[in-house]
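Below: the structure, in structure tokens.
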Amino acid sequence: MSWEDVLSSIGHASEETEFFTPLPTGYKPGKTKYVIVFGTVMSGLGKGIFSSSLARVMQEKGFSVAPIKLEGYLNRDSGTLNPYRHGEVFVLDDGMECDMDLGTYERMLNMSLSRRNFITSGQILSSVLEKERKGGYLGRDVQMIPHVTGEVKLRLRELAVTSEADVVFVEMGGTVGDFENAYIIEAVREMSYEEGPRNFCFVALTYVVEPPSLGEQKSKPAQLNLKLLNAAGIHPHIIACRASQPVTKKVREKIALFANVPMERVFSMHDCDSVYVIPEMLRGAGIDVAVVELLGLGDQIDREAEENARAEWNDYINRFRNARHPITIGIIGKYTSLRDSYASIIQAIEHAGTHLGAKVRLEWIDSSEMTDANAADHLTDVHGVIVPGGFGFRGVDGKIACVKYVRQHGVPFLGICYGMQIAVIEFARNACGLNHASSAEIDRDCPEPVVDLLPEQKGIEGLGGNMRLGGYDVMLSPGSLVSRLSGDADRIRLRFRHRYEVNPCFVDRLEQAGLVFSGSTPDGRIMQVLELPESRHPFFVATQAHPELTSRPLNPQPFFVGLVRAALIASGVSPESVSAAKDDNPSRAGSLGQPTVSS
Ligand code: GLN
């Protein structure tokens with residue numbers, strides 16, 4: 001059967017055919033190209049970074065792109081995953097709680113994604129089981145092949161239709177050879193056949209080891225693991241070799257020979273100083289040209305758009321690399337030993353630092369170690385402090401002690417989500433005379449619950465997807481610090497993930513004592529941003545939202561810019577020169593020199 005015949009038979013579920021490939025309405029086979037990225041040898045190769053960088057390079061060429069991550073695990077989303085084990089939970093504008101890689105895609109591609117861009121086995125299987133109950137499979141026994149694989153293919157094609165992308169980038173979660181993602185690999189194998197030649201490009205990331213005892217690169221693990229992909233019926237078009245050092249020609253030759261992939265399509269992808277450098281590294285290696293050729297897209301490149309986009313991006317990298325003004329930002333949290341739990345905060349600081357020309361060093365401070373007595377020891381050397389989001393009561397006293405210190409000593413402060421709730425508790429206790437103030441999350445029977453459950457959360461039981469989630473508009477008070485930072489905006493959009501809120505019953509009392517609630521929901525009910533007047537504190541801002549989730553390299557998030565600016569001033573840089581950098585175009589700013597974030 002030719003692939004044209006296959007195409008004409010798919011889309012039908014009937015007694016007569018073994019194919020079960022439901023097509024979404026409006027789908028035109030062959031219209032959309034697909035790039036599928038696999039990981040071999042081990043996890044942690046940076047598949048998301050690679051895939052998003054490749055998507056960026058194609059986007060710069062004028063193609064519209066849509067990324068999707070396929071996770072093998074059975075959770076329906078990432079909401080119940082422990083950030084200590086899996087990294088931060090990234091929240092999309094539509095409220096989807098997903099893997100931190102989606103943050104990498106949003107930042108790299110400067111686009112907002114939705115639940116269509118994130119699929120787990122849990123979602124696929126639930127949907128198949130629901131369809132079975134509704135008689136969706138015409139009396140057939142429901143099988144992994146073709147029904148579950150059919151569901152995977154349906155989701156990919158739905159993304160192609162809704163996004164209208166020229167190229168869909170599919171990141172396969174896990175590693176080739178994992179039991180749990182075998183059916184997903186099978187689905188893309190089937191689909192590449194159905195879509196026909198020049199519409200699929202398979203890219204295998206692999207890892208080249210360099211045991212210190214040998215002092216040379218060895219390709220055997222890569223060879224053996226690439227064979228697993230062959231055994232699954234997939235012959236990669238491109239192999240990208242991850243390694244700490246550039247991969248030698250000899251090693252690439254061996255991999256080319258054993259994997260049957262031409263040498264010119266076996267690339268070295270060694271470690272580099274910033275993820276944002278990788279698109280240019282891919283271009284330098286020629287991976288973009290290989291993808292364009294394989295997909296037959298050569299005559300559709302917009303060269304002028306590509307040059308402009310590249311120049312803007314490279315400008316960011318240059319400023320990032322030439323940092324001059326060192327500042328230290330302290331992050332006070334519970335998961336400080338695992339940087340991935342704060343991935344977007346680290347990125348947002350880097351973006352703001354780059355914008356203002358600051359070389360930011362991060363100091364990780366474990367909140368469970370902080371007390372009123374030692375706060376000064378921990379905080380004297382930092383120029384700014386972030387109290388990030390969190391859950392539960394562990395380490396809360398340390399965070400309250402931290403906020404008390406920074407409020408009373410004029411240390412620039414940004415509170416994020418739980419950080420805002422902590423700021424309210426601290427202010428209530430120490431500036432409002434509410435000595436027993438607390439959050440119902442910390443003490444359910446607290447007599448002065450200045451932070452309480454959101455009303456709509458009161459009846460909810462169980463976990464997963466049921467917090468106040470996703471993007472919401474925030475009204476900013478005219479003239480407030482946060483409004484000025486946001487370009488005098490009166491309405492901005494931020495993303496949320498919380499169950500508790502500032503208790504409306506205490507808002508007047510807190511405001512009378514000098515706290516300013518400068519951002520709220522459009523109906524004025526939920527307090528979403530607070531600040532102290534600049535006459536009382538150089539920079540004291542907290543938000544119920546997660547502003548780090550919407551910071552992008554070329555569009556740094558204003559609250560982070562405000563914090564870094566105040567930290568620069570605290571470090572001794574004159575306010576005039578910081579303002580000069582701030583007023584510049586974000587993509588051009590840098591009069592203070594260039595930033596990097598190290599940790
Ligand atoms: N635990 C708090 C709440 O549920 C804050 C959540 C967070 O920081 N993301 O409201």
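What's counted below: heavy atoms across the whole structure, side chains too, no hydrogens, waters or symmetry copies. These numbers come from a predicted model, not from an experiment. Both ligands and their constituent atoms are indexed starting at 1 by order of listing.
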Students should be able to answer this: which protein heavy-atom is nearest to [atom], and at what distance?
atom: atom 7 (C) of ligand 1; answer: Cys417 SG, 3.0 Å
atom: atom 5 (C) of ligand 1; answer: Gly390 O, 3.3 Å
atom: atom 10 (O) of ligand 1; answer: Tyr500 N, 2.8 Å

> Should one rank Glu501, Arg499, Arg468 by closest heavy-atom distance to atom 4 (O) of ligand 1, which comes out on top?
Replying inline: Arg499
>> Given His546, His498, Glu441, identify the one with the heavy atom nearest to atom 2 (C) of ligand 1.
In response: Glu441
> Between the side chains of Gln347 and Tyr342, is a donor N or O closer than 3.5 angstrom to an acceptor N or O?
Replying inline: no
>> Looking only at the side chains, is there a donor atom on one of His351 and Tyr276 sitting less than 3.5 Å from an acceptor on the other?
In response: yes
> So among Arg525, Arg468, Lys458, which one has a salt bridge (Lys or Arg N to Asp or Glu O under 4.0 Å) with Glu501?
Replying inline: Arg525
> Hey, is ligand 1 close enough to Met467 that some N/O pair sits below 3.5 Å?
Replying inline: no
>> Is it the case that ligand 1 has an N or O less than 3.5 angstrom from some N or O of Arg497?
In response: yes
> Looking at Gly389, which atoms of ligand 1 are within less than 4.0 Å of one of its heavy atoms?
Replying inline: 8 (O)
Return all side-chain donor-acceptor pairs below 3.5 angstrom for residues 377-387, not counting sequence neighbours, or 'none' if the list is empty.
from: Thr380; atom 1: OG1; to: Ala376; atom 2: O; distance (Å): 3.1
from: His383; atom 1: ND1; to: Thr328; atom 2: N; distance (Å): 2.9

>> Assess the residue pair Phe90 and Ser78 against the criterion (side chain to side chain contact (heavy atoms under 4.5 Å, CB included)); give the C-alpha distance rounded to whole Å, side-chain angles, the decisive distance to 0.1 Å, and a yes or no.
In response: CA-CA 8 Å; Phe90 194 86; Ser78 303; over 6 Å; no
> Listed by chain and number, what are the side chain to side chain contact (heavy atoms under 4.5 Å, CB included) partners of Pro279, not counting sequence neighbours?
Replying inline: Ser53, Arg56, Val57, Met108, Trp313
> So which bit of Gln421 gets within less than 4.0 Å of ligand 1, heavy atoms only: side chain, backbone, both or neither?
Replying inline: side chain
>> With a 4.0 Å cut-off on N to O distance, would you call Glu448 and Arg509 a salt bridge?
In response: no
